[in-house]
**Student:** 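I'd like to ask some things about the structure below.
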Amino acid sequence: MKVTDGVFVDAAAWRDLGPAERHLLVARAVAPRVRPTAAFSHRTAALAYGWPVIATPPARAHVTDGATFRTEHRANLVRHAGAPETGAQPNTFAGVPLTSVRRTAVDLATTLEPAQAAVAVDHAVRTGTLTVDEFIAALPEGPRRGSVRSRTVADALDPLHESVGESYTSIRMVELGLPRPTAQHRFRHDDGQLDRVDFWFESLGVVVEFDGKQKYTDPQMLGDRSAGDAVWHEKLREDRLRSLPEVRTVVRPTWWHLVDPDRLSALFRQHRVAL
């Protein structure tokens, strides 16, 4: 199977690759054509850094090129205009520099839908390669292109988020106009037992827990429990939370709710949370 001019890959091997792996394979294939004035950028850089991208990656690799004065679309390659910001000691992929973590985060936040950008950038924040303050300081001021959506992304970031699901839930709640919650809040019960929740809206009396399938299927998360035991454990845990006088309700969005904001909005309304 042809990837680009002069580069071929076994068709069966290509079929076994996921979308992110296919994109990075394309980036490797076009790397010899990337000019010395350029660096991999945008979602290509994000994937090279190992950030999660919830949307299907683009078919073409993306670079920012100081020798380009307008966006150029070529076979398997998109060149964005501008001198690439790579930092003093640039990371590389396939021998090509990557735009810096901060520059990559800003590029995503100003060009992608906020939910897509926030999930990726929040990973950088969670892993300590970028701080929220660094990100905010680098954002464009209004009315420049992307200034509004990038601020929406910033409002959803928190180093305490522990998973892609929590990052996705956070940005969707920002988009719904909910107040900023406390992440990883701990409730202590009368018997001394602690329950930690993903999000706590104290002013609303609402706990929000992302309910991912992995919680009930991943052997590492299950430990020595069965899937049935995990479900029962979660039920008891939610019962404890609901018994607290300050907790009015527990909302449990799944990935199905998050991919469609209308579904998530309906879920909150079902729990009598005004939006």
**Student:** Hey, are Arg79 and Thr64 close enough side-chain-wise for a donor-acceptor pair under 3.5 Å?
**Tutor:**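 No, Arg79 and Thr64 have no side-chain donor paired with an acceptor closer than 3.5 Å.
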
**Student:** If every non-hydrogen atom of Pro253 is compared with every non-hydrogen atom of Leu264, which pair is closest and at what distance?
**Tutor:**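 Distance-wise, the nearest heavy atoms are CB-CD1, 3.7 Å.
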
**Student:** Indicate yes or no: does Glu141 engage Arg151 in a salt bridge with an N to O separation below 4.0 Å.
**Tutor:**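 Judged by the 4.0 Å cut-off on N to carboxylate O distance, Glu141 and Arg151 do form a salt bridge.
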
**Student:** Assess whether side-chain hydrogen bond (donor to acceptor under 3.5 Å, both in side chains) is satisfied between Thr249 and His271, documenting all intermediate values.
**Tutor:** CA-CA 7 Å; Thr249 190; His271 286 266; 2.8 Å; yes

**Student:** So, using ring-ring contact (aromatic ring centres under 6.0 Å, His included) as the criterion, who are the partners of Trp256 when residues are at least two apart?
**Tutor:**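 Counting only residues at least two positions away or on another chain, Trp256 forms no ring-ring contact (aromatic ring centres under 6.0 Å, His included).
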
**Student:** Would you kindly say whether Thr37 and Asp65 are connected by a side-chain donor-acceptor distance under 3.5 Å?
**Tutor:**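 The criterion, which ignores hydrogens and geometry beyond distance, is satisfied for Asp65 and Thr37.
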
**Student:** Does a side-chain heavy-atom distance below 4.5 Å link Val197 with Arg237?
**Tutor:**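 They are in side-chain contact.
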
**Student:** Do Thr99 and Glu85 get their side chains close enough for a donor-acceptor pair, meaning under 3.5 Å?
**Tutor:**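 No donor-acceptor contact under 3.5 Å links the two side chains.
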
**Student:** If you measure only the distance, is there a donor-acceptor pair under 3.5 Å linking the side chains of Thr111 and Arg149?
**Tutor:**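 Not at all, the side chains of Thr111 and Arg149 share no donor-acceptor pair under 3.5 Å.
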
**Student:** Considering non-hydrogen atoms only, spot the tightest contact between Phe210 and Asp198 and give its length.
**Tutor:**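 The pair with the smallest heavy-atom distance is N-OD2, 2.9 Å.
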
**Student:** What is the ring orientation for Tyr168 with Trp255, classed by angle as parallel under 30°, tilted 30 to 60°, or perpendicular over 60°?
**Tutor:**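 Because their plane-to-plane angle is over 60°, the rings of Tyr168 and Trp255 count as perpendicular.
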
**Student:** Determine, for Arg126 against Glu166, whether the closest basic-nitrogen to carboxylate-oxygen distance falls under 4.0 angstrom.
**Tutor:**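 No, this pair does not count.
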
**Student:** A cation-pi test, strictly: NZ or CZ of Arg196 under 6.0 Å from the centre of the six-membered ring of Phe187 and no more than 45 degrees from its axis. Yes or no?
**Tutor:**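 Judged by the rule, Arg196 and Phe187 form no cation-pi pair.
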
